[in-house]
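Shown next, in structure tokens, is the structure this report addresses.
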There are 2 protein chains.
Amino acid sequence: MSHMGYGCLMALDRDHVLRSAAALLTRKSTATMDEVAKAAGISRATLHRHFAGRDALVRALESLGIEECESALDAARLDEGPAGDAVRRLVRELEPAAGLLAFLYGENQLFEGESQNEGWARLDARIAALFRRGQDSGEFRIDLTPAWLTEALYGLIASGAWAVLDGRVATKDFQFMIVELMLGGALRREEP
Amino acid sequence: MSHMGYGCLMALDRDHVLRSAAALLTRKSTATMDEVAKAAGISRATLHRHFAGRDALVRALESLGIEECESALDAARLDEGPAGDAVRRLVRELEPAAGLLAFLYGENQLFEGESQNEGWARLDARIAALFRRGQDSGEFRIDLTPAWLTEALYGLIASGAWAVLDGRVATKDFQFMIVELMLGGALRREEP
DNA sequence: CCCATGTGAGACATTCACGTCTCACCACGG
DNA sequence: CCGTGGTGAGACGTGAATGTCTCACATGGG
């Protein structure tokens with residue numbers, strides 16, 4: 001009986017398609033369904049069998065991005081240890097999803113209401129809570145709002161992902177550049 | 001003889017259309033030519049008389065953005081005084097163009113070759129030179145490359161502009177949030 | 001007064017991506 | 001051996017945005 005419905009092969013293919021689409025759309029956010037299909041090595045018909053339409057594909061990518069971010073937040077253990085170290089762990093865990101995140105970050109400036117705000121809001125809240133914890137512990141300055149620090153982190157990750165794609169920043173420097181600018185800024189610290 | 005060609009009224013209108021389009025496209029980067037025309041208070045036909053097509057409009061916006069950035073760089077006097085102060089002046093002068101800049105920054109992740117790279121490259125070089133000057137004077141840390149600092153500045157300005165548009169950051173805090181994060185980072189400085 | 005210029009409104013063809021459909025093919029299991 | 005399910009290729013209709021065109025109107029100067 002091969003009426004397995006959503007068999008294992010389907011699931012694997014779906015994930016593979018999603019990854020390919022993420023990689024392509026990161027570079028060319030207006031890519032055609034045809035290009036997405038070709039990038040995944042399947043035909044447009046099969047792509048349509050997996051995702052009803054372009055909207056469905058983008059929403060699936062959004063879900064994937066939210067999932068990966070939540071996993072990254074979990075793995076980064078934001079509640080443990082100094083907040084600065086938590087930020088370092090966060091950026092490290094977030095790096096694999098940086099490209100997808102950059103695409104979604106640019107996409108969300110568009111659609112005012114159709115995005116899955118619940119998921120993003122939860123992520124925002126968790127990251128903002130980390131920055132607030134750092135402020136309460138005296139580790140972070142209090143004249144920059146947690147909301148702005150969260151926004152800036154997204155922006156820097158997107159900028160970093162694009163800079164790496166364009167070859168303006170080396171892949172191995174991605175984490176360092178973002179974390180160091182985010183935490184320490186451009187000014188040289190006084191030697192302690 | 002009213003064959004004045006590019007008369008004064010045309011020029012004024014053209015600039016007004018450009019500003020309106022910039023304001024609209026900052027919020028909705030996929031706005032229709034019809035919407036752009038309506039936003040400028042003119043008809044689509046007249047819009048087409050000013051700009052041959054959508055590409056021409058975007059390229060005109062790009063030129064406008066480059067112009068405004070160059071003016072801002074001039075006004076900021078990047079060569080004078082401490083580099084940190086120059087960065088503050090730069091962000092202050094750049095704020096009026098932040099929305100347009102955010103739109104163009106997102107747009108340039110697309111079109112790989114059709115953008116006016118010469119203009120942007122000149123701006124990049126001037127800003128990178130500022131960061132390099134700060135490094136040479138010992139004011140800025142040397143473990144963050146000028147190219148990354150330049151990229152990060154663009155990213156933070158875009159993030160700031162979007163955050164202001166969405167109401168997540170107050171307009172009056174725009175400069176402060178960007179400059180302070182850019183220069184000082186999130187970590188609290190030791191009291192000197 | 002008349003004419004020229006710029007404009008708005010709208011019709012029109014074109015392009016492009018999308019979504020749906022059909023059909024042939026291939027691998028797989030019964 | 002044959003049927004079934006998933007796939008690729010491609011045709012087809014649709015809708016949206018674009019670019020071009022014409023025509024009527026208003027304003028302003030000669």
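Convention: sequence-line order gives letters A, B, ...; per-chain numbering from 1. Keep in mind that this is a model prediction, so the values were computed, not measured.
Per the geometry, NE2 belonging to His50(A) stands 13 Å off C1' belonging to dG8(D), to the nearest Å. Here dG8(D) presents its C1' atom at 11 Å from NZ of Lys38(A), a figure rounded to the nearest Å.
Within residues 51-63 of chain A, no residue is approached by DNA chain D to less than 4.0 Å at the level of any non-hydrogen atom. Of all the residues in residues 28-37 of chain A, not one reaches under 4.0 Å from DNA chain D with any non-hydrogen atom.
Side chains of Glu151(A) and Trp162(B): a donor-acceptor N/O pair is absent below 3.5 angstrom, by distance only.
In summary, Glu93(A) and Arg88(A) do not engage in a salt bridge, as defined by a charged side-chain N under 4.0 Å from a carboxylate O. In this structure, Glu139(A) does not pair ionically with Arg133(A), as no charged nitrogen and carboxylate oxygen lie closer than 4.0 Å.
If you check dT7(D), dG8(C), dG19(C) against the side chain of Asp13(A), the one that comes closest is dT7(D).
Judged as a side chain to side chain contact (heavy atoms under 4.5 Å, CB included), and not counting sequence neighbours, the contacts of Glu68(A) are Arg19(A), Leu64(A), Ala97(A). With sequence neighbours left out, Asp34(A) forms a side chain to side chain contact (heavy atoms under 4.5 Å, CB included) with Thr32(A), Lys38(A), Arg44(A). Among residues two or more places apart in sequence or in another chain, the salt bridge (Lys or Arg N to Asp or Glu O under 4.0 Å) test is passed with Asp74(B) by Arg126(B).
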Polar atom pairs between nucleotides 9-11 of chain D and protein, under 3.5 Å, N or O only, would you list them?
none

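Annotation for Arg141(B): atom CZ counts as buried by contact number, over 12 foreign heavy atoms lying within 6.0 Å.
Below 30°, between 30° and 60°, or above 60°: for Phe140(A) and Phe131(A) the angle between ring planes is between 30° and 60°, a tilted geometry.
Considering only heavy atoms from C-beta on, Met177(B) stays 4.5 Å or farther from Leu149(A) through its side chain. Contact check for Phe176(A) versus Val91(A): no side-chain heavy atoms found under the 4.5 Å cut-off.
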